[in-house]
Structure formats: C-alpha cells, structure tokens
Protein chains: 2
Amino acid sequence: MRDRLQQGGENLLFLTDDQLLQGIELLFFAYRGFTSDPDRILENYTYGRAHHRAIHFIHRRPGTSVNSMLDILGVTKQSLNRVLRQLIEDGLVESKIGEKDRRERHLFLTKSGKELESELSSAQRKRLRTAYKEAGPDAVLGFRKVLENIMDPSMRKHVKKLVKD
Amino acid sequence: MRDRLQQGGENLLFLTDDQLLQGIELLFFAYRGFTSDPDRILENYTYGRAHHRAIHFIHRRPGTSVNSMLDILGVTKQSLNRVLRQLIEDGLVESKIGEKDRRERHLFLTKSGKELESELSSAQRKRLRTAYKEAGPDAVLGFRKVLENIMDPSMRKHVKKLVKD
DNA sequence: AATTTATGTCAGTCTTGTTGACTTTCCAAG
DNA sequence: CTTGGAAAGTCAACAAGACTGACATAAATT
C-alpha cells in the first residue's frame, strides 16, 4: 500500500535514490577500469589520455577539422593544440590544409599513428567485448540506451552511427 | 552463410568492432555528461572533482578510514590528503582518531558537508533518474550488468550493495 | 575595405595527479 | 622491555593537462 502510493501504481523501484547512487558508483568504477588499459600502455610513451582521445576520434573520423574536434572533445583550442602539435611533430598525425576552405586543417592518422591507435583500441575493445559477451545482447542494448540518455543531447550526434550491413 | 561462419552460428553481431567502438564513444560522452552537473556546481566553490568524489564516498560509507578511501579512489595518499585537509579545514569533513588503532583516522561528513553532498548528488541523481526512466527497468538492468563487467573485478566489492526491503 | 572565421601561439594559473622524505603509532621478535 | 619494522598520515616539490586572456595570421564573407 505504501509502495503503491509512492510508486503511483507502477513498479518504479529501479528509480529509488539508493539505486541511483549505486548507478553513480558503477559508472565511476567502470569508467576507471575502461581507461586503465590505455593509460597503462601510454606510460611507455610521452603521451597521456588527452592524446589517446585525439587519436581515437581522428581515427574514427579521418579528415575532421580542428574545430569539430574541439566540439567533440569539449576542450579549449589551446589544450587541443598542445596535444596535436606533439602528435604531428612525432609523425602520428598529419594535418592537411582544406581544399575548399584553406583556413581549415583536416586531420589524419599516419601509418604509425594507426599503429598506436590499434594498440590502444584493441586493449579497450577487448575489455568491452568480454563485458558484452558475459552480459549478453539484451543487456548491451540497455547499456547503450541508458548511456545515450545520460549524455547531453547535443552530444548524441557525435556518436558515430553503425554501418548498416 | 558468410555471417554464419563468422559468428559461429550464433547472433554475435553485437560484438563487432564497430559496435565496440561505438560503445567506447558512448561511455566517453555519457561520462562527460554525468560529471558536468557537479563540475558546474563546484565552480562556485574552491573545490573540484576530487573533492566531490571524497564527499560522495564519505557520505556513503561514514566512518571509513583514509586507507580504505585510498583503495576506493585509486589515488595516492598524498593526493587524497590534500583534498581531505581542505575539506576538514573548511568544516565539511570530520576526522576522528581510531579508538582501537590510534593511527587510523575515521571520516565523517559534518552538517555542512552533508548539505554540499546533497546539492551535488541531487543534480547527478536527477540526470540518472531521467535517463533510467526513459530507458525503462530492463535497460537499466542491462546497463548495470555491463558496467559491473567492465570494471576491474577487484573493485566490485566497493560498489555499495542495495538494501533489501 | 572591413569584418568574421579558423587556426595557431605565448604566458600564466589551477586542479589533481605523482614521488620522496618525514613523524607518529602500533606490534611483534628478540 | 626494548627495538626495529610496518602502517597511517603529513609536508614539500613537481608534472600533466585542463583553463583564461591576449595576440597573430590567413582566408573567407559581407
């Protein structure tokens, strides 16, 4: 009876503050695990997580402009510039002047950039693949749906859609 | 046919690299959204995300020792100490010398500590509650299952279990 | 021609991580 | 009982990576 009143007749037990707080902690611990593999690999280089993020998104969206990277990464241009400068100097990233608009710089991974990307990505994919496999396809669907809802709506367009077969 | 071979006869399309890379991006964007509300609130204080984390876990586990906080947060004691010192100086956290072992310090939120916790937590819970509500209970179950699998197994014990009614 | 846009750079600050050295307290082996 | 090591916590100095602000250059737009 008390429950019915609180829940408005529906089963909304998954929305209690306790459940939400547990969700907050799950996200915290999971995200730390999720970043730990690449972080460990990057210790052998002079790079950090910021470089990883840049490399990931350049890989997934070859040819994006600096400006759109700023949008995606949500950092200042000064911050991104420091990272890009190093990656370009070290020959992992190539910056090509735009053909249509010559103010723009379009970013690409070089061969060795792709190699590092692959090393970082495969560690992270391995962790996710195991997690997905153990949870099963339905759980993964729910996982994705909740994450989509958590992010700022303006960011949803940046999640690269899957290629239809 | 080609699919059957690749998938070993099962429907494992949710384990393709494309799906995994999409999951990586979802986690990235969702986590940023998830931390943005507290970050915005904390701009009005002299605190940052590290303080938020300390406050959250002290709230959830009143009386924990500094050492167990180190385990949970995964930072060095020097790093945590700086944060705790500020919070104690400002009267948000109380540190009590252990009765059994006088080397230990047990941590508690004061009244104003609880107030800040509540402000930060309610913003984050609100975002998560909306996300949960729109996704539905089954999706939330999957969300939690995948997150549990992603985190390092040694961290699972730190996710506070829900109180059974 | 003037303005706006895209990018890059220099300088300085802040948060939050790190390592190294130190003190206090506890406990156990001689 | 003493002594030596381990554990808990503190202080100091440093580094990565975010930030703001000011300014420069080139190209596109009005």
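Labels below follow one simple rule: chain letters A, B, ... track the order of the sequence lines, proteins then strands, and each chain is numbered from 1. On a predicted model such as this, the values are computed, not experimentally measured, just so you know.
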Kindly write out the residues that satisfy salt bridge (Lys or Arg N to Asp or Glu O under 4.0 Å) with A/D101, not counting sequence neighbours, or none if the list is empty. A/R103
Can you check the B/H51 NE2 to C/dC14 P distance for me, whole Å? 14 Å
Looking at residues at least two apart in the chain, or sitting in another chain, which of them share a salt bridge (Lys or Arg N to Asp or Glu O under 4.0 Å) with B/R127? A/D152, B/D37
B/F29-A/L141 co-clustered via ILVMFWY side chain contacts under 4.5 Å: no
According to salt bridge (Lys or Arg N to Asp or Glu O under 4.0 Å), who are the partners of A/D71, at least two apart in sequence or on a separate chain? none
Just wondering, do B/T110 and B/V93 contact through their side chains at under 4.5 Å, heavy atoms? no
CG (B/L128) and CD1 (A/I24) are apart, to the nearest 0.5 Å, by 6.0 Å
Check salt bridge (Lys or Arg N to Asp or Glu O under 4.0 Å) between A/R61 and all other residues, then give those that pass, not counting sequence neighbours. B/E25
Sorted by chain and residue number, the side-chain contact (heavy atoms from CB on, under 4.5 Å) partners of B/A139 (sequence neighbours excluded) come out as A/K145, A/V146, B/A135
Which nucleotide span of DNA chain D, 5' end to 3' end, has atoms closer than 4.0 Å to non-hydrogen atoms of chain A? D/dG17 to D/dA28
Keeping to residues at least two apart or across chains, list the ring pair (Phe, Tyr, Trp, His ring centres under 6.0 Å) pairs with something in residues 113-141 of chain A. A/Y132-A/F143
Would you mind telling me which residue lines up with the more 5' stretch of DNA chain D, A/Q86 or B/N67, judged by nearest nucleotide? B/N67
List the residues meeting side chain to side chain donor-acceptor pair (under 3.5 Å) with A/S121, not counting sequence neighbours, and say none if there are none. A/R125
Give the residues of residues 70-82 of chain B touching DNA chain D, defined as any heavy atom closer than 4.0 Å, sorted by residue number. B/K77, B/Q78, B/N81
Identify whether any heavy atom of B/S65 sits under 4.0 Å from a base atom; if not, whether one sits that close to sugar-phosphate; answer base, sugar-phosphate or nothing. nothing
With sequence neighbours excluded, what pairs up with B/E119 under the side chain to side chain donor-acceptor pair (under 3.5 Å) test? B/Y45
May I have the distance from A/R85 (atom CZ) to C/dT7 (atom C1'), rounded to whole angstrom? 12 Å
Check each residue of residues 27-48 of chain B for a non-hydrogen atom within less than 4.0 Å of any atom in DNA chain C, then write out the ones that pass by number, or none. B/T46, B/G48
So which of residues 93-105 of chain A are in contact with DNA chain C, with a heavy-atom cut-off of under 4.0 Å? A/R103, A/E104, A/R105
With heavy atoms under 4.0 Å as the rule, sort A/H106 into base, sugar-phosphate or nothing. nothing
In the structure I gave you, are the side-chain heavy atoms of B/Q19 and B/L13 within less than 4.5 Å of one another anywhere? no
Separation of C/dG17 atom P from B/R49 atom CZ, nearest Å, is 10 Å
Name the residue from A/F57, A/F34, A/Y31 that meets the ring pair (Phe, Tyr, Trp, His ring centres under 6.0 Å) definition with B/F28. A/F57
